[in-house]
Amino acid sequence: MEYNFTEIEQKWQSYWSSGKTFRVRIDPSRPKYYVLDMFPYPSGAGLHVGHPLGYIASDIYARYKKLKGYNVLHPMGYDAFGLPAEQYAIQTGQPPQKTTEQNIRRYREQMDKLGFSYDWDREIQTCDPSYYKWTQWAFLKMFHHWYNKDSSKAEPIDRLIDAFNVQGNGQVQAAHHCQKIFSAREWHAFSEKEKEDILMCYRIAYLGETTVNWCAALGTVLANDEVKEGLSLRGGYPVEQKKMKQWQLRVSAYAERLLEGLDRLDWSDSLKEMQRNWIGKSDGTEMEFRVSNGSETFSMTVFTTRADTIFGVTFMVLAPESEWVEKLTVPGKRKEVEKYLAYVKTKTERERMTQTHRVTGVFTGSYATHPFTGKEIPVWVSEYVMAGYGTGAIMAVPAHDRRDYIFAKHFDLPVIPLIEGCDISSESFDAKEGVMCNSDFLNGMTVQEAIPAAIREVEKRKLGKRKTNYRLRDAIFSRQRYWGEPFPIYYQDGIARTLPESSLPLELPAIDSFHPSESGEPPLARTKNWTYQGYPLETSTMPGFAGSSAYYLRYMDPHNPHALVSAQANKYWQDVDLYIGGTEHATGHLIYSRFWNKFLYDLRYVCKDEPFRKLVNQGMIQGRSSFVYRIKNTNTFVSCNLKDSYETTEIHVDVNLVTGDRLDLDAFRAWNPEYKDAEFILENGEYICGWAIEKMSKSMFNVVNPDTICARYGADTLRMYEMFLGPLEQSKPWDTNGIDGVHRFLRKFWRLFFDKDGNLYVNNHVPDGKELKILHNLIHKVEEDIENFSFNTTISAFMISVNELADLDCHKREILEPLVILISPYAPHIAEELWTLLGNSPSVANASFPVFNPEHTKEQTFEYPVSFNGKLRFKKQLGLNLESEEIIRLVVEDVRTEKYSGGEKIKKVIVIPGKIINIVI
RNA sequence: GCUCGGGUGGUGGAAUAGGUAGACACGCAGGACUUAAAAUCCUGUGGACAGAAAUGUCCGUACGGGUUCGAUUCCCGUCCCGAGCACCA
């Protein structure tokens with residue numbers, strides 16, 4: 001019988017789905033294990049071979065854990081709200097509901113072909129009202145809570161109001177951005193609007209004025225993680241900084257907990273490091289400077305991590321956006337400053353970031369007084385100081401800060417060195433080392449001593465106090481978009497009011513035009529009756545990360561109409577034990593969902609404060625793009641190695657028209673009408689394409705569809721091959737060379753179960769030591785490798801074992817049956833088929849993982865006389881005094897021998913001279 | 001610039017509480033079976049040198065040092081590649 005993968009795979013896929021083989025339920029008698037994939041955004045392009053990489057790995061692990069007796073939750077769903085569907089809707093008029101549904105269907109078809117063990121009864125789609133009800137619900141909870149720094153958790157806003165009623169806000173330790181300090185009496189006197197405005201500054205979900213990333217081309221604001229190098233992540237359009245009133249989440253309140261929680265997570269160091277950088281904790285000091293513009297005197301605060309350099313401050317710098325600029329610009333400088341501010345405004349965020357070498361700035365005309373020396377120091381404005389970090393103003397120490405140094409040199413400001421013997425003739429000395437000088441009471445101390453000493457002095461003189469700053473900003477939560485969750489918010493006399501929980505979900509209305517309105521308002525603004533009890537509803541929608549922030553909780557209890565997740569389900573499933581997905585979510589989703597989860601934890605809706613215990617980042621599978629070279633202004637294409645003699649344009653060509661870099665000329669002509677009359681200049685009768693490794697994407701024509709591979713080799717081969725390609729976490733280009741090897745192996749595996757005539761043949765003979773050794777070595781290896789996510793090396797082990805068993809012509813049930821179980825996580829279809837052919841009832845998923853017995857693999861242990869014949873050079877370790885020809889007797893723990901024509905010879909001895917030492921002879 | 005990874009045959013990659021480097025696979029070369037092809041199987045395959053051959057010797061894990069009886073593995077320095085952050089005071 002031949003290995004007919006098409007038939008086998010179809011048969012078992014339909015068996016699994018109709019029999020609901022992978023349905024899971026709460027079962028207190030078994031330990032739980034939760035294996036989660038980052039759910040995909042269903043794009044119009046469908047899955048390419050890179051997408052399933054992580055899914056295959058998680059499926060292997062989930063099946064393995066199931067075999068190990070765990071009750072495994074392994075769900076899948078779709079992150080269905082998002083920009084691309086809406087962009088597509090704008091271009092084509094197709095409603096996103098419709099295209100999203102189509103894409104989901106396509107994704108599902110493709111995934112089904114790969115034989116995943118998902119419990120599809122738990123599928124969720126973030127655009128489904130029964131799901132986003134709970135996204136809106138969480139938002140309402142955040143609106144109604146504030147962050148108490150004393151208890152380090154979120155608490156109901158009513159309790160804050162109680163505090164205001166009794167004592168005002170002076171003593172309240174809260175994460176907030178309220179500028180006013182008021183007494184209880186003042187609080188009582190405020191109007192309702194005033195009270196609401198104040199409370200808004202304390203809510204965890206709040207509406208606030210802030211500098212946002214505004215993307216004009218997309219017509220929406222974007223979160224920091226959606227912007228890269230001044231361009232939008234989606235589409236690559238320019239992004240500018242703009243002050244706008246937006247919904248935000250007070251993620252910054254959780255900065256310390258988000259940072260500290262990382263220590264308890266089993267994530268890769270690099271990912272943790274990325275999150276640490278993103279949170280950007282820095283310990284320093286806030287220091288006050290008296291500043292005068294000639295007529296008025298103010299107290300201005302700056303933040304520094306180098307309080308020790310206080311005596312090197314020779315000027316101050318304000319961010320152009322800082323409110324101090326207005327106050328400190330003297331009349332004589334007004335024109336100049338305004339001109340500078342106008343100049344800064346014309347620069348896009350991207351320009352400001354890429355043109356960092358350009359030194360710009362302007363003097364305000366004001367002076368600050370140095371708190372220790374009393375000297376007057378000028379206050380400047382420059383774009384190199386950022387409004388959003390610290391206080392938007394800095395004390396500049398040109399001798400010991402690179403940026404300040406460059407600025408000082410450019411504008412000819414004084415530089416005072418503070419470290420003995422440091423060379424600052426061409427650049428600043430930024431290292432935190434050396435002995436202080438020119439620094440009054442700090443002189444003679446090392447930098448490490450001077451930092452705390454300076455802070456102590458600052459605090460003693462009441463010039464400032466210790467402060468920890470975080471780079472992490474609050475998340476901007478509104479998008480001027482249609483295809484997202486509507487906010488359960490309406491406006492009454494300019495006050496934001498929440499819809500009652502009982503009215504959720506607030507469903508997204510169907511609309512017919514997806515363009516933003518003329519005035520730049522979101523599409524919902526044009527929707528008739530977008531009101532609640534006659535009051536206008538919020539017209540922006542929630543961002544992409546809203547729906548993905550708690551989906552892992554919903555999988556635990558996906559159909560519950562009364563709660564996001566019941567306490568019972570949450571208590572059983574707890575948290576995600578293994579989360580697999582790409583690094584691209586390091587500073588987005590993985591921060592937001594940790595924040596979201598911590599918030600729900602504070603409110604006791606979930607029992608774990610960290611959602612994802614272990615996280616593995618699968619690498620990206622890149623595409624191998626092919627190129628043709630068109631001679632400029634012609635329709636003639638020249639082969640790769642001849643292209644240097646012509647002036648050519650490089651054009652991407654569909655990789656499916658190329659075999660081993662040779663272009664199929666007819667297929668190329670048929671590919672695109674533009675090329676139907678193409679002429680070719682060949683080399684050796686062939687057209688050779690150029691190539692490059694790039695991101696796999698439709699626009700590069702380098703997409704390899706898993707369906708094609710499945711049709712040709714079967715899903716089991718694809719699954720094993722993707723794992724065989726290399727370490728899971730490593731990025732690697734897709735290369736179909738080598739897939740034959742894996743396919744050959746599976747055929748060989750199949751043939752192991754048949755006799756020479758091709759009849760199924762399995763006997764009940766008792767296996768001998770050799771066969772048992774092969775099996776148990778393999779059990780050991782598979783177990784070890786799966787636990788270490790080293791899926792590629794397991795496959796080698798399978799290949800070796802199967803070859804050995806084939807050589808022994810082994811058809812023993814006791815060996816072959818466990819072998820089927822071992823391979824089932826990798827190649828589930830072939831395993832199911834063989835499992836039933838062996839007379840077992842389906843499915844192998846319900847079998848248990850074979851037990852490793854070291855007795856079967858153990859090598860001999862005995863005392864052995866060993867002659868070292870002068871090759872022994874281990875006297876020191878052994879504590880022996882040996883002459884070269886001496887023969888010694890050692891207690892040997894293990895001896896490895898090797899057969900050769902003359903008999904056996906010793907290759908390796910493991911001795912115990914107090915400590916185990918490996919010796920190779 | 002800073003942080004974190006990484007550099008091993010023609011290729012993807014094995015092997016690190018330090019102990020036979022190159023598992024396994026691809027590719028390539030040769031062979032068997034076949035009218036032929038496909039499929040399958042076998043043999044060889046890091047480099048250099050010696051030998052008819054079995055085999056042996058030397059060199060080899062980016063480069064230069066160090067620790068060690070022994071280093072792909074540990075330490076120091078240099079170079080290169082990848083990823084992330086990037087005026088964060």
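Letters A, B, ... mirror the listed sequences (proteins, then strands); counts begin at 1. Just so it is clear, the model here is predicted, and its values are computed rather than measured.
Between A:N737 atom CG and B:G13 atom P the separation is 14 Å, expressed in whole Å. Nucleotide B:A14 holds its P atom 12 Å from the CG atom of A:L728, rounded to whole Å. In this structure, A:H743 places its NE2 atom 13 Å from C1' of B:A38, rounding to the nearest Å. As a whole-Å value, the separation of A:Q730 CD from B:U11 C1' is 14 Å. The separation between A:N617 atom CG and B:G84 atom C1' is 12 Å, rounded to whole Å. As a whole-Å value, the separation of A:Q622 CD from B:A83 P is 8 Å. Spacing between atom CZ of A:F303 and atom C1' of B:A89 amounts to 8 Å, rounded to whole angstrom units. Between the P atom of B:C26 and the CG atom of A:D740 lies a distance of 8 Å, rounded to the nearest Å.
Minimum atom distance to the side chain of A:N803 is reached by B:A25, of the listed B:C85, B:A25, B:C87. Which of B:A14, B:A89, B:C24 sits closest to the side chain of A:T793 comes down to B:A14. Closest to the side chain of A:T305, from the set B:C4, B:A23, B:A89, is B:A89. Looking at the side chain of A:E273, the nearest of the listed nucleotides B:C87, B:C4, B:A23 is B:C4.
Contacts of A:K281 with the nucleic acid, taken as non-hydrogen atoms under 4.0 Å apart, are absent. As judged by a 4.0 angstrom heavy-atom cut-off over every strand, A:P733 is placed among residues making no nucleic acid contact. Using a 4.0 Å heavy-atom distance criterion, A:R276 is classed as making no nucleic acid contact. Contacts of A:R751 with the nucleic acid, taken as non-hydrogen atoms under 4.0 Å apart, involve only primed sugar atoms and P, OP1 or OP2. If you check every strand for non-hydrogen atoms under 4.0 Å, A:N792 touches sugar and phosphate atoms only. Base engagement by A:I394 is indicated by at least one non-hydrogen atom pair under 4.0 Å involving a base atom. When heavy atoms are screened at a 4.0 angstrom cut-off, A:D269 is found touching no nucleic acid atom at all. Residue contacts shown for A:R744 are limited to sugar-phosphate atoms, with no base heavy atom under 4.0 Å away. Residue A:F724 is classed as a base contact, given a heavy-atom separation below 4.0 Å to a base.
Rounded to a whole angstrom, the distance from the C1' atom of B:U72 to that of B:G60 is 11 Å. If you take atom C1' in B:G44 and the same atom in B:G10, they sit 15 Å apart, rounded to whole Å. When the C1' atom is used for both B:A15 and B:C2, the distance is 34 Å, rounded to whole Å. Using atom C1' as the reference point in both B:U73 and B:A17, the two lie 11 Å apart (nearest Å). The gap from the P atom of B:C59 to that of B:G70 amounts to 14 Å, rounded to the nearest Å. Going from the C1' atom of B:A50 to that of B:A37 covers 44 Å, rounded to whole Å. Distance noted for atom P between B:A14 and B:A23: 13 Å (whole Å). Comparing B:A48 with B:A32, their P atoms sit 28 Å apart, to the nearest whole Å.
Judged by closest nucleotide on RNA chain B, A:G726 is the one of A:V742 and A:G726 placed further toward the 5' end. Nearest-nucleotide assignment on RNA chain B puts the 5′-proximal partner with A:G741, out of A:T304 and A:G741.
Below 30°, between 30° and 60°, or above 60°: for A:Y3 and A:H743 the angle between ring planes is between 30° and 60°, a tilted geometry.
The residue from A:L53, A:V655, A:L725 that alone fulfils the side chain to side chain contact (heavy atoms under 4.5 Å, CB included) condition with A:W734 is A:L725. Looking at A:T304, A:T309, A:D308 one by one, the single match for side-chain hydrogen bond (donor to acceptor under 3.5 Å, both in side chains) with A:R306 turns out to be A:D308.
In the model, A:N702 has no side-chain atom that pairs as donor or acceptor with a side-chain atom of A:K695 under 3.5 Å. Judged by distance alone, the side chains of A:T583 and A:N617 never bring a donor and an acceptor atom under 3.5 Å apart. Donor-acceptor pairing under 3.5 Å is lacking for the side chains of A:T301 and A:E288. Side-chain atoms of A:Y340 and A:T360 include a donor-acceptor pair closer than 3.5 Å. A donor-acceptor contact under 3.5 angstrom links the side chains of A:Y384 and A:D404, judged on distance only.
Within a 6.0 Å radius of CD in A:E323, other residues, nucleotides and ligands contribute 12 heavy atoms or fewer.
Base pairing in RNA chain B gives the following stems of 3 or more Watson-Crick or G-U pairs, range against range and under 3.5 Å: B:1-7 with B:79-85, B:10-12 with B:24-26, B:27-32 with B:40-45, B:46-50 with B:55-59, B:62-66 with B:74-78.
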Check against side chain to side chain donor-acceptor pair (under 3.5 Å), A:D716 and A:Y826: CA-CA 7 Å; A:D716 285 345; A:Y826 293 84; over 6 Å; no
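Checking the phosphate oxygens (OP1, OP2) of B:U40, no side-chain nitrogen or oxygen of A:K748 falls inside 4.0 Å. Put simply, A:T583 has no side-chain N or O that comes within less than 4.0 Å of OP1 or OP2 on B:G84. Phosphate contact (OP1/OP2 of B:A89, side-chain N/O of A:Y389, threshold under 4.0 Å): present. Applying the 4.0 Å criterion to OP1 and OP2 of B:U40, one finds that A:R747 has a side-chain N or O inside that range.
Taking the syn range as angles within 90° of 0, the glycosidic angle of B:G10 is outside it, so the base is anti.
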